[in-house]
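A quick write-up on the structure given underneath.
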Amino acid sequence: MILFTVEKNWKKGIINQTGKEIIPYIYDHVYSFSEGLAQVIKDGKYGYIDKTGKEIAPCIYDSAQDFYEGLAYVKKDYKYGYIDKTGGEIAPCIYDSAQDFYEGLAWVAKGSRYGCIDKTGKEIIPFIYDAACEFCEGLAQVKKDGK
């Protein structure tokens with residue numbers, strides 16, 4: 001099914017290729033679908049909907065990202081956390097920075113130090129790095145003490 005984002009009275013919704021309204025015109029913005037879900041903005045806050053228009057995660061976040069490996073990072077009150085595709089919180093919004101999941105792991109920061117969490121939110125690698133890049137084939141580039 002092909003879906004189109006459309007605007008009516010300054011609000012956005014989604015119609016299908018026959019013109020049937022799939023998602024009502026209630027959002028300030030509707031982003032492209034990623035892993036079956038789309039970010040939406042309503043009253044300045046982000047949330048997620050599925051292709052039927054069902055709200056999966058309420059519009060309570062300051063920002064939101066696409067899903068990767070079934071998880072997305074969101075920002076609330078200046079901190080980052082992760083939700084799954086049911087809208088459930090996997091890691092609370094306690095991190096100062098966050099990255100997408102790659103190979104089941106994601107780098108997050110507390111203050112200026114990076115560590116790594118798994119898909120359950122468990123901290124796997126301690127917060128000892130100055131910088132870190134995503135995992136690729138089981139390895140990640142990191143920076144510690146300027147090296």
Side-chain angles (χ1 to χ4, degrees), residues 1-6 11-17 21-147:
M1 174 174 31
I2 299 172
L3 300 175
F4 302 95
T5 301
V6 291
K11 294 293 182 180
K12 295 195 170 62
I14 293 182
I15 60 171
N16 67 15
Q17 67 268 27
E21 183 180 293
I22 304 298
I23 297 169
Y25 301 92
I26 60 172
Y27 297 105
D28 301 324
H29 194 79
V30 178
Y31 289 86
S32 298
F33 283 89
S34 167
E35 294 189 14
L37 299 176
Q39 301 166 42
V40 292
I41 302 175
K42 187 176 182 183
D43 300 326
K45 295 291 185 176
Y46 288 73
Y48 294 89
I49 58 171
D50 67 15
K51 289 185 178 182
T52 68
K54 178 181 176 192
E55 192 174 88
I56 301 302
C59 294
I60 59 170
Y61 300 105
D62 301 323
S63 70
Q65 300 300 314
D66 285 342
F67 279 83
Y68 285 91
E69 296 188 13
L71 299 172
Y73 65 92
V74 293
K75 184 178 183 183
K76 187 174 181 185
D77 299 327
Y78 304 101
K79 297 288 184 176
Y80 294 90
Y82 292 85
I83 63 170
D84 64 18
K85 290 169 75 172
T86 68
E89 183 180 274
I90 297 304
C93 292
I94 60 170
Y95 301 106
D96 295 306
S97 178
Q99 296 179 13
D100 294 321
F101 272 86
Y102 288 94
E103 298 186 8
L105 299 170
W107 290 101
V108 291
K110 288 183 178 177
S112 63
R113 296 290 184 193
Y114 284 85
C116 201
I117 63 171
D118 67 11
K119 288 186 169 188
T120 68
K122 180 180 177 189
E123 294 176 6
I124 301 298
I125 298 174
F127 291 83
I128 58 172
Y129 297 102
D130 303 323
C133 297
E134 69 268 359
F135 279 87
C136 180
E137 297 183 19
L139 301 173
Q141 183 180 21
V142 294
K143 181 178 180 182
K144 183 177 178 188
D145 299 328
K147 298 182 182 195

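Scanning all heavy atoms of the two residues, the minimum distance from Leu105 to Ile124 falls at CD2-CG1, 4.2 Å. Here the closest non-hydrogen pair linking Gln99 and Glu134 is OE1-N, 4.1 Å. Here the closest non-hydrogen pair linking Ala91 and Gly121 is CB-CA, 4.3 Å. Across every non-hydrogen atom of Gly87 and Ala57, the tightest pair is CA-CB, 4.2 Å. Contact record, Asp130 with Gly146: OD2-N, 3.3 Å, taken as the closest heavy-atom pair. Across every non-hydrogen atom of Ile90 and Leu71, the tightest pair is CG1-CD2, 3.6 Å.
A 4.5 Å side-chain heavy-atom check between Tyr61 and Lys75 finds every atom pair outside the cut-off. Taking the side chain as every heavy atom from C-beta outward, Tyr25 and Val30 never approach each other to under 4.5 Å. Two residues are said to be in side-chain contact when any heavy atoms from C-beta on lie closer than 4.5 Å; Tyr114 and Ser97 meet this criterion. Side-chain atoms of Tyr27 and Ile41, non-hydrogen and from C-beta on, never get closer than 4.5 Å to each other.
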Determine, step by step, whether Lys76 and Glu89 satisfy the salt bridge (charged side-chain N to carboxylate O under 4.0 Å, His left out) criterion, reporting the C-alpha distance in whole Å, the side-chain angles of both residues, the deciding distance to 0.1 Å, and the verdict.
CA-CA 12 Å; Lys76 187 174 181 185; Glu89 183 180 274; over 6 Å; no
Test side chain to side chain contact (heavy atoms under 4.5 Å, CB included) on Tyr73 and Val108; report intermediate values, then the result.
CA-CA 10 Å; Tyr73 65 92; Val108 291; over 6 Å; no
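Counting non-hydrogen atoms of other residues, nucleotides and ligands closer than 6.0 Å to NZ of Lys143 gives a total of 12 or fewer. Residue Phe127 qualifies as enclosed at atom CZ: its count of foreign heavy atoms under 6.0 Å is above 12.
Taking the six-membered ring for Trp, Phe101 and Tyr82 have ring centres closer than 6.0 Å.
Between Tyr46 and Tyr31, the angle of the ring planes stays under 30°, which puts this pair in the parallel group of the 30/60° scheme. Classified by interplanar angle (parallel below 30°, tilted 30° to 60°, perpendicular above 60°), the ring pair Phe135/Trp107 is parallel.
Once rounded to the nearest 0.5 Å, the distance linking OG1 of Thr5 with CD1 of Ile14 reads 4.5 Å. The line from CD1 of Ile56 to NZ of Lys85 is 10.0 Å long, rounded to the nearest 0.5 Å. Within the model, atoms CG of Asp43 and CD1 of Ile26 stand 9.5 Å from one another, a figure rounded to the nearest 0.5 Å. Lys54 NZ to Ile49 CD1: the interatomic distance, rounded to the nearest 0.5 Å, is 12.5 Å. Here Ser34 contributes atom OG and Gln39 contributes atom CD; the two are 8.0 Å apart, rounded to the nearest 0.5 Å. One finds the CG atom of Asp62 at 8.5 Å from the SG atom of Cys93 (value rounded to the nearest 0.5 Å).
Although no hydrogens or angles enter the test, the distance criterion places a donor-acceptor pair under 3.5 Å between the side chain of Glu69 and the main chain of Glu103. When atom types are taken as modelled, the side chain of Lys119 and the backbone of Gly70 share no donor-acceptor pair closer than 3.5 angstrom.
A salt bridge is absent between Lys42 and Asp28; no separation between the charged side-chain nitrogens and carboxylate oxygens falls under 4.0 Å.
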